[in-house]
2 protein chains.
Amino acid sequence: MTPDDLETLAQVQPPQDDEADGRKRRGNRTRESILDTAADLASIEGLEGLTIGRLATELGMSKSGLFAHFGSKEELQLATIDAARRRFVDNVVRPSRELPRGRERVERLMNDWLAYYRGEIFRGGCFFNTVKAEFDSRSTGPVRDVVMDDAREFIAFLAREVRKAQEAGDLDPSIDPDQLAFELDAVGAAANQHFQLMHDEKVFERAATAIRTRLDAAATAA
Amino acid sequence: MTPDDLETLAQVQPPQDDEADGRKRRGNRTRESILDTAADLASIEGLEGLTIGRLATELGMSKSGLFAHFGSKEELQLATIDAARRRFVDNVVRPSRELPRGRERVERLMNDWLAYYRGEIFRGGCFFNTVKAEFDSRSTGPVRDVVMDDAREFIAFLAREVRKAQEAGDLDPSIDPDQLAFELDAVGAAANQHFQLMHDEKVFERAATAIRTRLDAAATAA
DNA sequence: CCTACCGATCGGTAGG
DNA sequence: CCTACCGATCGGTAGG
């Protein structure tokens, strides 16, 4: 459909750094390290369980010193989601871009995704699975809306990659990309949750098997 | 393997009621209604987000009046899980018991499960999906342990039903029941989460399609 | 089942 | 980026 638009997934706002004295630069570096820690904490406790006091303690700074970087807890939550999205894109979305469109790229993407779960790129497992579950039944608000958009966007991204593999002649054009994307996403989320809950690495073999079976069934008899 | 042991899933402790004056009976009724409300709140906010103050307000009683029924927040959390398990068993596990073992029973089970999601039997969607995600990356403790055991037990229950369908000759004996159970569980959990997040009922058609495809592929060519 | 409390922590602010 | 605070709420207790 659209070209290789990982841009929609990676809305990176480059930190401003236009003052010569380096104070803003230092401030931005502090901000980034705050958000990295915040994303790790939130992957464990969620974005509500992420409290300013605990985050400040973890960083060895005062609550108000930390708070000065953000106007409110909601701003902190939204900035944390942005930082987490960058980490997700770097680890899961970007690497497979170097491969040509097709089944091979889809498989690489799935492998990177499972490796990201297994490697606990966030301290508490996938940040996005945690916050999706946290906000899925809460009333609307800016944070919930962003979480929902990201969830939707990732499945749409998977569906686009399936469609490209169909156009490349690797996958049967008659299958429904959205259906396959839903099933792939379900398997990945389940693998992350079971791994976090049971600490059993075998679940990744189960997930890989499920993904392979799904792609084999969708493959063109070439 | 074992017989129709839904007992392991439904460890119902019948309320004691041995005093003639009805005070205990009333107390137990109050306790049950507290736990029903607690399970609904926890399905939205999680078992940590379930605070004694909010629960008391919702029930129109004082914090300490409510607290008298439980010795600690942890006791309240564990009792809430018990109450939620009963509701889950009544709605998802029990109905299909009336069918003979086999593929038909598995399909009935899956249908009841999706109907339970769609019908929002808990106010915030499936209680167990919420608390699994909440506790999956937390450090061990009694609550996390029970949540993990329940998750494990449900997948094992699905696997047993698959095995019975194999023994009945409905499903190919060469397929791995644990693998199929993992995939069925993944699809169900994803359907619940997407429904809660996007409020789109179409996800249940996707889930039903995924389940049907999985069972068709596992069916014996009869 | 209640009122009345406890110390700790929450998000946030004043003022520097 | 700090100290020093605010009112609200947390889990829990004393005493009835």
Side-chain angles (χ1 to χ4, degrees), chain A residues 15-17 19 21-38 41-42 44-81 134-135 138-139 141-144, chain B residues 15-17 19 21-38 41-42 44-81 134-135 138-139 141-144:
Chain A
Q16 304 156 293
D17 192 6
E19 290 221 358
D21 65 0
R23 248 203 295 174
K24 242 180 191 161
R25 198 166 7 188
R26 205 172 337 113
N28 280 327
R29 247 184 284 126
T30 304
R31 197 185 135 100
E32 292 310 303
S33 80
I34 291 172
L35 292 178
D36 273 341
T37 304
L41 278 183
I44 300 171
E45 312 271 1
L47 281 165
E48 296 294 339
L50 170 74
T51 70
I52 292 160
R54 280 205 50 198
L55 183 54
T57 302
E58 183 111 358
L59 289 158
M61 51 194 296
S62 70
K63 264 174 55 178
S64 64
L66 187 155
F67 205 68
H69 289 271
F70 314 93
S72 65
K73 176 157 188 188
E74 188 175 288
E75 287 300 321
L76 169 64
Q77 291 174 320
L78 292 170
T80 300
I81 294 175
E134 187 184 10
F135 283 92
R138 303 219 173 166
S139 44
V143 177
R144 201 200 115 102
Chain B
Q16 306 155 290
D17 193 6
E19 289 220 359
D21 64 0
R23 248 205 292 173
K24 243 183 190 157
R25 198 166 8 189
R26 208 173 332 114
N28 280 326
R29 247 184 284 127
T30 304
R31 196 184 136 99
E32 292 310 303
S33 80
I34 290 173
L35 292 177
D36 272 342
T37 304
L41 279 184
I44 300 171
E45 313 271 0
L47 279 165
E48 295 295 338
L50 169 74
T51 70
I52 293 161
R54 279 204 52 201
L55 183 54
T57 303
E58 182 111 358
L59 289 158
M61 50 193 299
S62 70
K63 263 174 56 177
S64 64
L66 187 156
F67 204 70
H69 288 272
F70 315 93
S72 66
K73 178 159 186 186
E74 189 175 286
E75 286 300 320
L76 169 64
Q77 291 174 322
L78 292 170
T80 301
I81 295 175
E134 186 184 11
F135 283 91
R138 304 220 174 167
S139 43
V143 177
R144 203 201 112 103

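Note on naming: letters A, B, ... go to the chains in the order of the sequence lines (proteins, then strands), and numbering restarts at 1 for each one.
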Output yes when a side-chain donor or acceptor of [X] lies under 3.5 Å from a complementary backbone atom of [Y], and no otherwise.
| X | Y | result |
| --- | --- | --- |
| A:E134 | A:E48 | yes |
| B:K63 | B:L55 | no |
| B:K73 | B:T51 | no |

Can you check the [X] [atom1] to [N] [atom2] distance for me, whole Å?
| X | N | atom1 | atom2 | value |
| --- | --- | --- | --- | --- |
| B:H69 | C:dC2 | NE2 | P | 9 Å |
| A:R54 | C:dA8 | CZ | P | 18 Å |
| B:L50 | D:dC10 | CG | P | 10 Å |
| B:E45 | C:dC10 | CD | P | 18 Å |
| A:L66 | C:dT13 | CG | P | 15 Å |
| B:L55 | D:dT9 | CG | C1' | 15 Å |
| B:E48 | D:dG11 | CD | P | 9 Å |
| A:F67 | C:dG11 | CZ | P | 8 Å |

Rounded to the nearest 0.5 angstrom, the CE-CZ distance for A:M61 and A:F67 is 12.0 Å
Taking for each residue the nucleotide of DNA chain C bearing the nearest heavy atom, is the 5' side occupied by B:G60 or by B:K63? B:G60
Nearest to side-chain heavy atoms of [X], which nucleotide of [options]:
| X | options | answer |
| --- | --- | --- |
| A:I52 | D:dG11, C:dC1, C:dG12 | C:dG12 |
| A:S62 | D:dG12, D:dT3, D:dG11 | D:dT3 |
| A:S72 | D:dC10, C:dG12, C:dC2 | C:dG12 |
| B:K73 | C:dC1, C:dG12, D:dG12 | D:dG12 |

Provide the Watson-Crick or G-U wobble partner of D:dT13, both distances under 3.5 Å; none if there is no partner. C:dA4
State whether the distance check finds a donor on one side and an acceptor on the other, under 3.5 Å, for side chain B:S64 versus base C:dT3. yes
The single option from A:I81, A:L47, A:L35 that satisfies side-chain contact (heavy atoms from CB on, under 4.5 Å) with A:L76 is A:L35
